[in-house]
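Working notes, beginning with the structure itself.
What you are looking at is a predicted structure, and each value in this text was computed from that prediction instead of being measured. Letters go in sequence order (proteins before strands), and every chain restarts at 1.
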Number of protein chains: 2
Amino acid sequence: MLKISELAGRIGLSAHTIRFYEKHGLIEASERSESGYRLYNAADVNRAEFVKTARNIGFSLEDIAQLLSIRLDRSSHSCQEVTDITRNKLHEVNRKMAELEAMQKVLSRLLDNCDGGLENATHCSILEVLDNGGLATTGRVN
Amino acid sequence: MLKISELAGRIGLSAHTIRFYEKHGLIEASERSESGYRLYNAADVNRAEFVKTARNIGFSLEDIAQLLSIRLDRSSHSCQEVTDITRNKLHEVNRKMAELEAMQKVLSRLLDNCDGGLENATHCSILEVLDNGGLATTGRVN
DNA sequence: GTTGACCTTAGAGTTGTCTCTAAGCTTATA
DNA sequence: TATAAGCTTAGAGACAACTCTAAGGTCAAC
Ligand SMILES: [Zn+2]
Ligand SMILES: [Zn+2]
Ligand SMILES: [Zn+2]
Ligand SMILES: [Zn+2]
């Protein structure tokens with residue numbers, strides 16, 4: 001039976017975070033000591049590790065709550081439910097990647113066009129682009 | 001001279017958001033009507049458009065505040081200051097992209113390994129991975 | 001028997017970017 | 001002149017995922 005900071009050290013989360021996860025139903029201590037300390041048994045530790053792994057992958061706490069409820073009673077849930085959660089997450093990741101890629105392109109082009117020198121910014125091409133509503137889609141750099 | 005909702009319609013932000021930006025020093029109305037309505041002149045509109053363009057690109061409001069202070073007095077700032085802000089943003093974007101790419105890979109591999117069928121999740125490979133601390137780095141899919 | 005590390009709780013604060021509400025004044029239209 | 005649309009303010013609320021605080025109880029070591 002581990003105390004909270006032992007669990008924390010083991011899975012790499014702070015005790016604060018573990019209590020926070022408990023409040024949100026993700027982690028639980030199946031026992032308490034006489035003085036009220038949380039005590040985690042092997043199953044609790046496994047569950048906490050599941051949560052940590054899922055969080056590392058990038059699942060939201062709400063996703064994790066759903067995955068846990070499936071894990072708790074695998075036989076009354078389908079693989080499809082699991083893949084739905086996973087696929088939704090993948091789509092979300094893909095959307096964000098597309099956004100970031102667009103930003104990356106624009107930022108790179110802005111940097112290509114400004115020398116970044118110490119002279120004053122009176123004719124800075126980056127400021128000009130921002131003043132003119134963005135990169136022209138016609139006309140290209142280089 | 002535009003009123004706030006006219007400016008809002010013109011640049012594609014809500015009046016709420018414009019007031020919020022004003023509170024944070026990004027947009028300003030250089031005049032007020034007798035009754036206290038905000039009135040935006042051409043320079044105010046240009047500034048608001050600058051803000052909108054920068055936000056579209058993905059700059060944070062704090063970045064934009066810095067860019068604005070350079071824009072306000074270009075001759076006492078250097079191109080380098082502008083490229084520093086831009087480069088920092090690009091690095092941040094690159095970091096986030098790398099994180100998302102890692103997530104993308106893991107999620108894709110999880111989906112490759114589970115058929116997503118309607119049978120029950122007793123032996124679901126995704127849950128197994130989460131139970132076992134993540135994808136093994138040795139051993140590969142396919 | 002006292003220090004100091006660890007535990008408890010409820011609840012507030014953080015970050016960033018809005019988003020909305022309430023209560024009341026102004027302006028335009030019919 | 002009545003009604004509706006639009007404007008004002010201060011301030012609250014939303015979201016995710018923590019992060020920390022206060023005020024106090026517990027436990028091991030010296
Ligand atoms: Zn299956
Ligand atoms: Zn420049
Ligand atoms: Zn330059
Ligand atoms: Zn499965």
Side-chain angles (χ1 to χ4, degrees), chain A residues 1-40 44 48 51-68 85 88-89 92-93 95-96 99-100 103, chain B residues 1-40 44 48 51-68 85 88-89 92-93 95-96 99-100 103:
Chain A
M1 298 297 252
L2 306 182
K3 279 189 286 184
I4 196 165
S5 65
E6 292 165 335
L7 177 64
R10 176 123 160 210
I11 66 179
L13 291 173
S14 73
H16 273 305
T17 299
I18 291 172
R19 288 192 203 96
F20 170 79
Y21 282 180
E22 180 185 291
K23 193 158 64 177
H24 292 271
L26 300 186
I27 287 180
E28 55 182 39
S30 41
E31 280 187 57
R32 291 279 179 138
S33 74
E34 286 184 3
S35 53
Y37 287 17
R38 289 169 179 80
L39 295 175
Y40 300 90
D44 296 335
V51 169
K52 179 70 187 319
T53 302
R55 200 211 61 165
N56 280 352
I57 290 174
F59 285 108
S60 69
L61 302 192
E62 199 195 319
D63 290 337
I64 297 173
Q66 288 183 60
L67 290 168
L68 280 169
I85 295 167
N88 285 342
K89 188 76 203 174
E92 185 191 319
V93 167
R95 271 197 307 280
K96 285 189 190 160
E99 272 176 33
L100 289 177
M103 286 173 54
Chain B
M1 300 295 253
L2 304 182
K3 279 188 287 184
I4 195 165
S5 65
E6 292 165 335
L7 177 65
R10 176 126 161 206
I11 66 178
L13 292 173
S14 73
H16 274 306
T17 299
I18 290 172
R19 287 193 203 96
F20 170 79
Y21 283 179
E22 180 185 291
K23 193 159 64 180
H24 293 269
L26 300 186
I27 286 180
E28 54 182 38
S30 40
E31 280 187 56
R32 291 279 180 137
S33 74
E34 286 186 4
S35 53
Y37 287 16
R38 289 168 179 80
L39 295 175
Y40 299 90
D44 296 335
V51 169
K52 178 69 188 319
T53 301
R55 200 209 63 166
N56 280 351
I57 289 173
F59 285 107
S60 70
L61 302 192
E62 199 194 323
D63 290 336
I64 297 174
Q66 288 182 60
L67 291 169
L68 280 169
I85 295 167
N88 285 342
K89 188 75 204 173
E92 184 191 320
V93 167
R95 272 197 307 279
K96 285 189 188 161
E99 272 177 31
L100 288 177
M103 288 174 52

Taking only side-chain N and O atoms of [X], does any of them lie within less than 4.0 angstrom of OP1 or OP2 on [N]?
X      : N       : value
S35(A) : dC27(D) : yes
R55(B) : dC18(C) : yes
Y21(B) : dT17(C) : no
S5(B)  : dC7(D)  : yes

5′-ward residue of the pair R32(A)/K3(B) relative to DNA chain C: R32(A)
Between atom [atom1] of [X] and atom [atom2] of [Y], what is the distance when rounded to the nearest 0.5 Å?
X       : Y      : atom1 : atom2 : answer
R55(B)  : T17(B) : CZ    : OG1   : 7.5 Å
M103(A) : E92(B) : CE    : CD    : 7.0 Å
I11(B)  : Y21(B) : CD1   : OH    : 8.5 Å

State which of [options] makes the closest approach to the side chain of [X].
X      : options                  : value
T17(A) : dT8(D), dC18(D), dT17(C) : dC18(D)
S60(A) : dA17(D), dG11(C), dT8(C) : dA17(D)
L61(A) : dC7(D), dA17(D), dC6(C)  : dA17(D)

Could you give the [atom1]-to-[atom2] distance, from [X] to [N], as a whole number of Å?
X      : N       : atom1 : atom2 : value
L2(A)  : dC6(C)  : CG    : P     : 15 Å
I18(B) : dC20(C) : CD1   : C1'   : 16 Å
R19(A) : dT21(D) : CZ    : P     : 14 Å
R38(B) : dG6(D)  : CZ    : P     : 16 Å
I4(B)  : dT19(C) : CD1   : C1'   : 14 Å
H16(A) : dT9(C)  : NE2   : C1'   : 12 Å
F20(A) : dG13(C) : CZ    : P     : 17 Å
E92(B) : dT15(C) : CD    : P     : 15 Å

Pair Q66(B)-E62(B), side-chain contact (heavy atoms from CB on, under 4.5 Å): steps then yes or no: CA-CA 6 Å; Q66(B) 288 182 60; E62(B) 199 194 323; 4.0 Å; yes
Test side-chain contact (heavy atoms from CB on, under 4.5 Å) applied to R38(B) and K3(B), step by step: CA-CA 6 Å; R38(B) 289 168 179 80; K3(B) 279 188 287 184; over 6 Å; no
